[in-house]
Amino acid sequence: MPSALITGITGQDGLYLAELLLAKGYDVHGLVRGQNNPKRDLVTDLVPDVQLHFGDLTDMSSLIRALRESDPDEVYNLGAVSFVAYSWENAHLTTDVTATGVLNLLEAVRLHVGSDVDRVRFYQASSSEMFGKVQETPQHEGTLLWPRSPYGVAKVYGHHMTINYRESYGMHASSGILFNHESPRRGPEFVTRKISQAVARISLGLQDHVLLGNLDARRDWGFAGDYVEAMWLMLQQPQADDYVVATGETHSIRDFLDLAFAHVGIEDWTPLVRQDERFMRPAEVDVLLGDAGKARDVLGWKPRVSFPELVAMMVEADLEATRQGW
Ligand code: NAP
Ligand code: F7E
């Protein structure tokens, strides 16, 4: 039975990846941080077969211990401070977790495997935020990186460190440059879930408007359940490499609002949405559009869920959750 250790198991992607790997017959282990993490119960409810280990990306000895306890064939590093807006407020913390945390885990894996470098395959959760102020469109694996936030800068560090461990030690270390991916499990701080929750509450008469920031930003949004499959495929290749994972479509926040409100029968959402300075960013990533041609050709990966299907899925899930009082 193959085994895997997932950092970030309590997050959106960690849960989908755990479900995918369990369905494939893996022995799945997850790293949980904190002395009384409230999301631990979510993991035990949704994926009870995952074995949990205590650890934190900023604490290298805890990573070494988790590797010893789980002895995985594959390590997926999904743990991060992942909210871009928060990264300006806590730039050092973001750097410690999202940048140095990658080095800690790579080094822990290197020490764990000793001279047997093929023993563990490593996945790093890189991000389209590394393209930031985009230097070409669409963005591909060779596009110049120009991050626009402490989060983006931290991800660039983790990305290059992953490549460096591959080149320096021959480690099977791959980096997935994933564009935005969403789902009903998306944290409510991110714009898509903030909108789907607000639309559900507004349509049920529980809220009268929503405050948002820049409505003109454009993102290449896909479904998280599709994207974790690409992570797994990367680690099944004979050679480690870097891959862009994206849909190849870009949409604005306004497009998302159009579809989300239309789903509950509201055609004109302008009186229901107010812009608020607090949600504007010091430096914005205006437009992202990914070219996932390499993932399609080498991994045989393509997205299954379309943008309208994604929006409908999220609004439906929040309507149901709000009605049930979850
Ligand atoms: P998420 O829902 O925010 O989950 C982040 C995970 O990281 C959580 O499980 C969190 O644990 C964990 N974490 C935070 N600080 C940690 C620490 N010090 N030590 C160990 N774990 C820690 O993020 P996601 O959307 O699933 O994304 C997964 C990964 O992909 C992240 O690295 C993210 O930056 C990257 N990424 C995401 C997207 C996207 O669109 N979703 C796109 C590109 C890349 P707690 O629950 O304890 O906070
Ligand atoms: O913002 C705009 C905001 O916070 C998207 C993370 O998973 O994907 C995510 O990062 C856009 C930005 O995601 C609000 O200014 C407007 O232009 O949903 P978001 P993100 O910053 O793109 C990448 C790929 C990652 O790697 C990250 O980990 O929406 N926006 N109004 C708003 N954003 C938020 N959060 N809240 C608003 O009210």
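Side chains are part of it too, since the values below use all heavy atoms of this structure and drop only hydrogens, waters and symmetry mates. Whatever order the structure lists ligands and atoms in, that order sets their numbers, starting from 1.
- Distances below 4.0 Å separate heavy atoms of F279 from the following atoms of ligand 2: 38 (O).
- With respect to the salt-bridge test (charged N to carboxylate O, under 4.0 angstrom), the residues D73 and R121 do not qualify.
- Comparing V285, V191, D13 against atom 14 (C) of ligand 2, the shortest heavy-atom distance belongs to V191.
- Counting heavy-atom neighbours within 6.0 Å of F54 CZ, excluding the residue itself, gives a total of 12 or less.
- The ring of W232 has its center no closer than 6.0 angstrom to the ring center of Y76.
- Ligand 1 lies out of reach of E129, whose nearest heavy atom is not under 4.0 Å from it.
- Judged by distance alone, the side chains of Q12 and S183 do bring a donor and an acceptor atom under 3.5 Å apart.
- For the ligand labelled ligand 2, residue S128 lies inside the 4.0 Å heavy-atom shell.
- Here CG of L20 is found 12.5 Å from CG of L15. Values are rounded to the nearest 0.5 Å.
- For Q236, the CD atom is densely surrounded, since the number of other residues' heavy atoms within 6.0 Å is greater than 12.
- At the shortest separation from atom 29 (O) of ligand 2 among protein heavy atoms lies I253 CD1, 3.3 Å.
- A heavy-atom separation below 4.0 Å is found between D56 and ligand 1.
- Residue-level proximity to ligand 2 for R219 is carried by the side chain, the only part with a heavy atom below 4.0 angstrom.
- Counting only heavy atoms from C-beta outward, the side chains of R148 and R281 never approach each other to under 4.5 Å.
- Residue, atom and distance of the protein heavy atom nearest to atom 21 (O) of ligand 2 are R281 NH1, 2.6 Å.
- Of all atoms in ligand 2, listed by their number and element, those nearer than 4.0 Å to a heavy atom of F83 are 4 (O), 35 (N).
- From the protein, the heavy atom lying nearest to atom 16 (C) of ligand 2 is N214 O, 3.2 Å.
- Nearest to atom 9 (C) of ligand 2 by heavy atom, out of L178, D216, N180, V210, is N180.
- F256 has its ring centre less than 6.0 Å from the ring centre of W221.
- Taking a cut-off of under 4.0 Å to the non-hydrogen atoms of A217, the atoms of ligand 2 that pass are 17 (O).
- Under the 3.5 Å distance criterion, with hydrogens and angles disregarded, no donor-acceptor pair is assigned to the side chains of T94 and S87.
- Closest to atom 31 (C) of ligand 1, if we only count protein heavy atoms, is L78 O, 3.1 Å.
- At least one heavy atom of R186 sits less than 4.0 Å from an atom of ligand 2.
- Listed by number with element, the atoms of ligand 2 under 4.0 angstrom from any heavy atom of G213 are 14 (C), 16 (C), 31 (N), 38 (O).
- The ligand atoms of ligand 2 that sit less than 4.0 angstrom from a heavy atom of V84 are 10 (O), 21 (O).
- Around the CD atom of Q324, the shell of radius 6.0 Å holds more than 12 heavy atoms that belong to other residues, nucleotides or ligands.
- For ligand 2, the atoms closer than 4.0 angstrom to any heavy atom of K194 are 37 (C), 38 (O).
- Taking every heavy atom of S127 and a limit of under 4.0 angstrom, the matching atoms of ligand 2 come to 23 (C), 24 (C), 25 (C), 26 (O).
- Remark: ligand 2 atoms within the under-4.0 Å shell around heavy atoms of E284 are 3 (C), 12 (C), 15 (O), 17 (O).
- Under 4.0 angstrom from ligand 2, the non-hydrogen atoms of S82 come from both its backbone and its side chain.
- Of the protein's non-hydrogen atoms, E189 O, 2.9 Å is the one closest to atom 35 (N) of ligand 2.
- Side chain of K39 to main chain of V32: no donor-acceptor pair is present (N/O by atom type, distance under 3.5 Å, no hydrogens or angles).
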Start with the C-alpha distance between Q239 and R166, add both sets of side-chain angles, then the distance that settles side-chain contact (heavy atoms from CB on, under 4.5 Å), and finish with yes or no. CA-CA 10 Å; Q239 303 295 329; R166 182 165 80 219; over 6 Å; no
